[in-house]
> 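Before we start, here is the structure in question, set down as structure tokens.
Values reported hereafter were calculated over all heavy atoms of this structure, with side chains retained and with hydrogens, waters and symmetry mates removed. This is a predicted model, so every value here is computed, not measured. When a residue number appears, it is its place in the shown sequence, counting from 1.
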Amino acid sequence: TWPAYLRLEQALNGRRALAALITTLLIAALLMAPLILLSMSLADGVIRFIEALRTAMISGLPPPPPWLSEEFPIVGRKLAATWQAAGQDGASLTAAIQPYFVPLRNWLLARSGDVLEGILQLSLSLLTAFFFYRDGPAIVRTLNAVGTRLAGPRAGSPIPTAGGTI
């Protein structure tokens, strides 16, 4: 992304801060858009699942799908019979799945925390990238000076290689 940043900086007449901001925002959009779409899709799926579960708890399960016994030759009939038995009475279904509500809630909360932690890490990485873009030439000069002082003239060669990886 460094060459694209340099072209943008040149197009903006050397305004490094603006070029760094635009580059960082573009990277953020490319990284965050799929994450936001996935989160929205997941939230929609969870809402539909909860509504279906609530309906099943009130009125019982619908009849088992025909493919259940057809597609699973060894266990399909037993699964269909268990489904049918659970579907007859909403109260027995509620009693059967009630113990799983708290662990499921805790698991969902933990995964939500993981997603938020990932977003925070990505945000901090983007903030760091902004400053690297904006102050990149000064950082390179400082690294070259320190490297030359520590290792002599050979130290200058890894800097362009490292910069090419960004």
> Would you give the length of the straight line joining atom CG of Leu37 to atom OG of Ser41, rounded to the nearest 0.5 angstrom?
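Output value for this atom pair is 8.5 Å.
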> How long is the straight-line distance from CD of Gln10 back to CG of Leu12, given to the nearest 0.5 Å?
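Between Leu12 CG and Gln10 CD, I get 10.5 Å after rounding to 0.5 Å.
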> Return the OG1 to CG distance between Thr1 and Leu8, rounded to the nearest 0.5 Å.
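Nearest 0.5 Å value for the OG1-CG distance: 11.5 Å.
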> Identify every side-chain donor-acceptor pair in residues 18-25 under 3.5 Å, counting partners at least two apart or on other chains, and give the distances.
{"from": "Thr23", "atom 1": "OG1", "to": "Ala19", "atom 2": "O", "distance (Å)": "2.8"}
{"from": "Thr24", "atom 1": "OG1", "to": "Ala20", "atom 2": "O", "distance (Å)": "2.7"}

> What's the spacing between Ile36 CD1 and Met40 CE if we round to 0.5 Å?
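Interatomic distance, Ile36 CD1 to Met40 CE, rounded to 0.5 Å: 8.5 Å.
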> Find out if a path of hydrophobic residues (ILVMFWY) with successive side-chain heavy-atom gaps under 4.5 Å connects Val46 to Leu104.
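Shared cluster, no.
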> What pair of heavy atoms forms the shortest contact from Arg134 to Arg16, and how long is it?
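Result for this residue pair: O-CD, 3.4 Å.
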> Mind telling me whether Phe72 and Trp67 have parallel, tilted or perpendicular rings, with 30° and 60° as the class edges?
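Taking Phe72 first and then Trp67, their aromatic rings sit tilted (interplane angle of 30° to 60°).
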> Working to the nearest 0.5 Å, report the span between CG of Asp114 and CG of Leu109.
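If I round to the nearest 0.5 Å, the distance is 11.0 Å.
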> Taking all heavy atoms of Pro34 and all of Ala29, pick out the closest pair and write down the distance.
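Reported closest heavy-atom pair: CD-O, 4.4 Å.
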> Enumerate the residue pairs fulfilling side-chain hydrogen bond (donor to acceptor under 3.5 Å, both in side chains) with a member in residues 96-109, sequence neighbours excluded, ordered by first and then second residue.
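Listed once each, the pairs would be none.
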> Taking CZ in Arg77 as the centre, count heavy atoms belonging to other residues, nucleotides or ligands within less than 6.0 Å. Is the count above 12?
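Counting other residues, nucleotides and ligands, CZ of Arg77 stays at 12 neighbours or fewer.
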> What distance separates Lys78 NZ from Leu68 CG, expressed to the nearest 0.5 Å?
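Separation between the atoms: 13.0 Å.
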> Closest heavy-atom contact between Ala80 and Pro64?
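Closest heavy-atom pair between Ala80 and Pro64: O-CG, 3.7 Å.
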> Please list every donor-acceptor pair under 3.5 Å in which a side-chain atom of residues 115-130 meets a protein atom from a residue at least two apart or in another chain.
{"from": "Glu117", "atom 1": "OE2", "to": "Gln121", "atom 2": "NE2", "distance (Å)": "3.3"}
{"from": "Ser123", "atom 1": "OG", "to": "Ile119", "atom 2": "O", "distance (Å)": "2.8"}
{"from": "Ser125", "atom 1": "OG", "to": "Gln121", "atom 2": "O", "distance (Å)": "2.9"}
{"from": "Thr128", "atom 1": "OG1", "to": "Leu124", "atom 2": "O", "distance (Å)": "2.9"}

